[in-house]
Amino acid sequence: MKRPTTSRKLSTRKAKPRRATQALPASPTGPRSRSPVVDKLTSNGGRAGKSRSKRAGPLSATIYADLRQQLVSLQRLPDEPVSESEIAEAYGVSRTPVREAILKLADEGLLDIFPQSGIFVSRIPVAELPEAILIRRALEETTARIAATQATASQLLALQSVLQSQREAEAADDHDAFHLADEAFHATIAEVAGYPGIWTLIQQVKVHVDRYRRLTLPQPGRITRAIAEHETILAAISAHDPVRAVAAITDHLERLLADISATQQLNPDLFEISEGEAGTDRRATDHQKQRGRKQKP
């Protein structure tokens, strides 16, 4: 399956046709609602629709969670085709729950759907990363400040335990384990602050940031530096110093902003290039030609 030639045009995410749901059967009742999953499950109405929802719902949620993990962790790389039939066969289900999961992932920007052409893993949208990181930083500055004012001894021990898990992951050169421990560290700070829902919100905002962060982990010294930054954050929280805690979390997350360009240059095929970059950066033209060559029969 080849990516359609219409995708050759470099554009911003808003201009891309990835939300074109015509590639999947539409609801017979009319235009799709804001939530394509809800619309799909309720389109037939009545008792039959509810029965299908009960069967497809849990299956769709499982497939969605598995696929999302594969996409965010880059087990499925950008531009890789995604086959409904192959996924359905792997899970031993019909295409209905697979289709629902795919629509939801397309809404999150993780999949691109092209009518009559196929479904592909989306590229990482460079233009969206700074805003997502800034939103995350603002929210985590809040949780770090509150955590520093009220952390208990047992909560500090929990943070220290998570930090030790990061050190062990580094020693084992296990990037997946480090990523999970990194997530747990930030989630625990939100719990210590008494606002675990803030971390849930952050997870929704930073989906593409996580894909980008995965690319930074193999860079020499990156994990070591991240652990050192976490140690500084924990030291400030342990000292019950909210000013230092906010400064430490800010420095830690601003590193992500600073590393975007370098990471993109190291992995050009995995990033979506904005219209502005295509017009001013020679590398964008070369990149576009490379994609065209890759798709020739």
Side-chain angles (χ1 to χ4, degrees), residues 1-41 43 56 59-60 63-64 66-91 93-128 207-208 211-212 264 267-275 277-279 284-297:
M1 184 185 296
K2 302 296 182 183
R3 200 174 181 93
T5 56
T6 54
S7 65
R8 297 288 77 76
K9 184 179 184 294
L10 297 175
S11 62
T12 61
R13 180 157 298 277
K14 291 183 179 178
K16 283 187 69 177
R18 62 176 171 80
R19 299 294 178 266
T21 56
Q22 293 93 327
L24 304 173
S27 167
T29 59
R32 191 172 293 280
S33 63
R34 181 179 180 182
S35 172
V37 175
V38 173
D39 186 39
K40 185 75 180 175
L41 291 174
S43 60
L59 289 172
S60 177
I63 295 169
Y64 162 78
D66 290 348
L67 284 178
R68 191 179 192 277
Q69 192 278 330
Q70 294 168 17
L71 295 167
V72 173
S73 66
L74 299 182
Q75 291 178 45
R76 290 178 181 265
L77 292 172
D79 287 346
E80 182 180 321
V82 175
S83 170
E84 273 188 25
S85 59
E86 289 179 3
I87 296 172
E89 183 178 355
Y91 282 86
V93 298
S94 70
R95 289 195 181 190
T96 299
V98 177
R99 190 172 297 124
E100 291 165 359
I102 286 174
L103 285 170
K104 189 172 181 180
L105 291 165
D107 281 344
E108 292 185 51
L110 290 169
L111 293 176
D112 293 338
I113 300 174
F114 293 90
Q116 311 306 319
S117 298
I119 303 164
F120 299 85
V121 179
S122 70
R123 291 190 171 201
I124 301 170
V126 176
E128 295 180 17
V207 58
H208 292 299
R211 300 171 78 198
Y212 150 58
Q264 181 185 2
N267 307 273
D269 290 343
L270 304 184
F271 287 84
E272 177 184 286
I273 304 172
S274 68
E275 220 169 65
E277 287 177 300
T285 302
D286 295 340
H287 178 49
Q288 187 178 22
K289 290 179 181 178
Q290 182 181 8
R291 292 184 73 189
R293 288 197 299 270
K294 287 167 64 177
Q295 293 183 30
K296 289 181 180 179

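Note that the numbering runs from 1 along the sequence shown for the chain. From a predicted model like this one, the values you see are computed outputs, not experimental measurements.
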Check Ser122 against Gly109 and note the closest heavy-atom contact, atom names and distance.
-> OG-O, 2.6 Å
Can you find a pair of side-chain heavy atoms, one from Tyr91 and one from Leu59, that are under 4.5 Å apart?
-> no
With sequence neighbours excluded, what pairs up with Gln75 under the side-chain contact (heavy atoms from CB on, under 4.5 Å) test?
-> Gln69, Gln70, Ser73
Of all the heavy-atom pairs spanning Ile63 and Pro97, show the shortest one and how long it is.
-> CD1-CB, 4.1 Å
Return the minimal non-hydrogen interatomic distance between Val98 and Val93, and the atom names on each side.
-> CG2-CG2, 4.1 Å
Could you tell me the separation between the OH atom of Tyr212 and the CD atom of Gln264, rounded to the nearest 0.5 Å?
-> 10.0 Å
How many angstroms lie between atom CZ of Arg99 and atom CD1 of Ile87, to the nearest 0.5 angstrom?
-> 11.5 Å
Do Ile124 and Phe271 touch side chain to side chain, with heavy atoms closer than 4.5 Å?
-> yes
What pair of heavy atoms forms the shortest contact from Phe120 to Pro81, and how long is it?
-> CD2-CA, 3.8 Å
Any side-chain heavy atom of Val121 sitting closer than 4.5 Å to one from Arg211?
-> yes
Exercise: identify the closest heavy-atom pair between Ala88 and Ser94 = CB-O, 3.8 Å
With the side chain counted from C-beta on, respond yes when Leu67 and Arg76 share a heavy-atom pair under 4.5 Å apart, and no when they do not.
-> yes
CG of Leu103 to CD1 of Ile113: how many Å apart, nearest 0.5 Å?
-> 5.0 Å
Please identify each residue that fulfils side-chain hydrogen bond (donor to acceptor under 3.5 Å, both in side chains) with Asn267, with sequence neighbours left out.
-> none
Validation row: Leu71, Leu111 side chains within 4.5 angstrom (heavy atoms) = yes
Measuring from His208:NE2 to Arg123:CZ, what's the distance to the nearest 0.5 Å?
-> 14.0 Å
Distance (rounded to the nearest 0.5 Å) between Glu89 CD and Arg95 CZ | 10.5 Å
Drop me the distance from Arg68's CZ to Lys104's NZ, to the nearest 0.5 angstrom.
-> 8.5 Å
Please report the shortest heavy-atom distance between Leu77 and Leu74, naming the atom on each side.
-> CD2-O, 3.4 Å
